[in-house]
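Just so you know, these numbers come straight off a predicted model, no measurement behind them. Positions are given from 1, in the same order as the sequence printed here.
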Amino acid sequence: PIGLVNHFARSIRREINLTREARTLQQFQRLFRHDATLKVPAVFDEFCTQSVLTQEFIEGWRVDHPDDLRQRGLKPEAIAANGARIFLKQAFEFGVFHGDPHPGNIRVMSDGSLCLLDYGMIGVLDDQLRDLLVDILQSIAKRDVTSAVRGIQQLNRSQIELDVPVLRADVRDFIETYYGLRLEELHVGLMLQDFIRIIANHGIKCPSDLLLLIRAMITLEGVGKTLS
């Protein structure tokens with residue numbers, strides 16, 4: 001989607017200026033200062049410039065080696081659950097989230113807490129977008145097709161007139177496909193890809209940060225499956 005490509009372009013421009021990434025690291029330190037389950041590397045301002053980012057060295061272990069974690073007395077399933085909680089807290093409580101949580105950017109500390117690296121790609125969800133996303137999710141959980149369609153229409157930033165009856169039919173099919181599945185049967189990545197497919201087929205232009213959120217969630221599901 002064009003919005004996601006534009007977001008990548010913006011992120012690349014941000015990553016060129018490392019003082020912005022340093023400020024983002026410090027922002028996450030403030031947000032999680034009372035949450036010991038996420039370690040945010042310290043930044044050394046006096047050694048930072050636009051082209052140099054100097055931060056604390058992190059010794060943790062790779063998150064995608066569950067056997068190594070078990071040998072160290074850690075529980076990969078608990079680590080996966082904590083990672084999901086941290087991400088949801090970022091996105092829906094603080095409204096700012098790590099946009100590139102692939103295994104290379106995640107370290108497991110000796111106490112089982114997590115450390116996220118590389119804060120160059122960050123998504124932001126304002127209060128209005130967060131509330132709208134929650135409304136859509138609640139509508140889907142209640143099998144309320146009309147409310148879900150209304151919420152998706154509110155997401156649309158395009159001037160294209162939507163074919164609402166067809167959109168309603170697609171949303172109904174989407175809900176019926178995933179409603180009532182047990183957690184172990186639910187493939188979040190496939191579900192989110194189906195949601196994106198509905199958006200793309202109807203020419204709906206969503207906020208780029210929402211598309212980044214979906215991409216990050218798909219990536220995290222892959223990490224979680226490796227751990228569990």
Applying side chain to side chain contact (heavy atoms under 4.5 Å, CB included), run through Gln193 and Leu190 and close with a yes or a no.
CA-CA 5 Å; Gln193 288 173 20; Leu190 291 177; 4.1 Å; yes
Is there a donor-acceptor pair closer than 3.5 Å between any side-chain N or O of Asn201 and the backbone N or O of Arg197?
yes
ILVMFWY cluster, Val134 and Ile214 together (side-chain gap under 4.5 Å)
yes
Met109-Phe87 co-clustered via ILVMFWY side chain contacts under 4.5 Å
no
In this structure, OG1 of Thr19 is separated from CZ of Arg23 (nearest 0.5 Å) by 5.0 Å
Nearest atoms (heavy-atom pairs only) where Asp35 meets Lys89:
OD2-NZ, 3.1 Å
Quick one: are Leu129 and Pro207 in side-chain contact, heavy atoms under 4.5 Å?
yes
So, Arg107 side chain and Cys115 main chain: donor-acceptor pair closer than 3.5 Å or not?
no
Please name the pair of heavy atoms, one in Arg168 and one in Val149, separated by the smallest distance, quoted to 0.1 Å.
CA-CG2, 3.7 Å
For a 4.5 angstrom cut-off between non-hydrogen side-chain atoms, does Thr226 reach Pro66?
yes
Please check: side-chain N/O of Arg70 versus main-chain N/O of Pro76, any donor-acceptor pairing under 3.5 Å?
no
Heavy-atom pair with the smallest gap, counting every atom of Phe32 and Gln90:
CZ-CG, 3.5 Å
Rounded distance [0.5 Å steps], CG in Leu192 versus CE in Met217:
5.5 Å
Heavy atoms only: give me the nearest Val40-Leu25 pair and the separation to one decimal.
CG1-O, 3.5 Å
For the hydrophobic clusters of this structure (ILVMFWY residues joined by side-chain heavy atoms under 4.5 Å, transitively), does one cluster hold both Leu137 and Ile204?
no
Within the distance-only criterion (no hydrogens, no angle test), does the side chain of His102 pair as donor or acceptor with the backbone N or O of Gly104 below 3.5 angstrom?
yes
Applying ring pair (Phe, Tyr, Trp, His ring centres under 6.0 Å) to Phe28 and Phe94, what does each step give before you reach the verdict?
CA-CA 10 Å; Phe28 272 76; Phe94 298 139; 8.3 Å; no
Is the shortest side-chain heavy-atom distance between Glu176 and Arg143 below 4.5 Å?
yes
Interatomic spacing from CG in Leu74 to CH2 in Trp61 - rounded to 0.5 Å:
6.0 Å
Within a 6.0 Å radius of atom CZ on Arg157, are there more than 12 heavy atoms belonging to other residues, nucleotides or ligands?
no
With no hydrogens and no angle check, just 3.5 Å: does a side-chain donor-acceptor pair link Asp45 and Gln26?
yes
Should we say atom NZ of Lys142 is surrounded by more than 12 heavy atoms from elsewhere, each under 6.0 Å from it?
no
Consider only side-chain N and O atoms of Thr37 and Arg85, and report whether a donor and an acceptor are under 3.5 Å apart.
yes
Min side-chain heavy-atom separation Val108-Leu114 under 4.5 Å
yes
For Cys206 and Ile199, the nearest pair of non-hydrogen atoms, with its separation, is SG-CD1, 3.6 Å
When clusters are formed by joining ILVMFWY residues with side-chain heavy atoms under 4.5 Å apart, either directly or through shared neighbours, do Leu31 and Tyr119 land in the same one?
yes
Looking only at non-hydrogen atoms, find the nearest pair between Ser139 and Ala148 and report the distance.
CB-N, 3.6 Å
Thr54 side chain near Val43 side chain, heavy-atom distance below 4.5 Å:
no
Do Ile198 and Val166 land in one hydrophobic cluster if side-chain heavy atoms of ILVMFWY residues count as linked below 4.5 Å?
no
Rounded to the nearest 0.5 Å, what's the gap from CG on Asp118 to CD on Glu21? Could you check?
5.5 Å
His65 NE2 to Leu227 CG distance, which is reported to the nearest 0.5 Å
11.0 Å
Using a 4.5 Å cut-off on heavy atoms from C-beta on, say whether the side chain of Leu213 contacts that of Asp209.
no
Given Phe97, which of Val124, Leu212, Ile122 fulfils the side chain to side chain contact (heavy atoms under 4.5 Å, CB included) condition?
Leu212
Test item: Gln55 side-chain N/O and Pro41 main-chain N/O as donor-acceptor pair under 3.5 Å
no
CG on Asp100 to OG1 on Thr219, rounded to 0.5 Å:
7.0 Å
Is there a side-chain contact between Ile136 and Leu155 in this structure, where contact means two heavy atoms from C-beta onward sitting under 4.5 Å apart?
yes
Does the side chain of Asn105 come under 3.5 Å of the side chain of His98 through a donor N or O and an acceptor N or O?
no
Contact check, side chains of Arg62 and Asp68, non-hydrogen atoms, under 4.5 Å:
no
Heavy-atom neighbours of Glu93 CD exceed 12 at 6.0 Å
yes
So His187 and Glu221, side chain to side chain contact (heavy atoms under 4.5 Å, CB included) or not? Walk me through it.
CA-CA 8 Å; His187 295 278; Glu221 184 195 29; 4.3 Å; yes
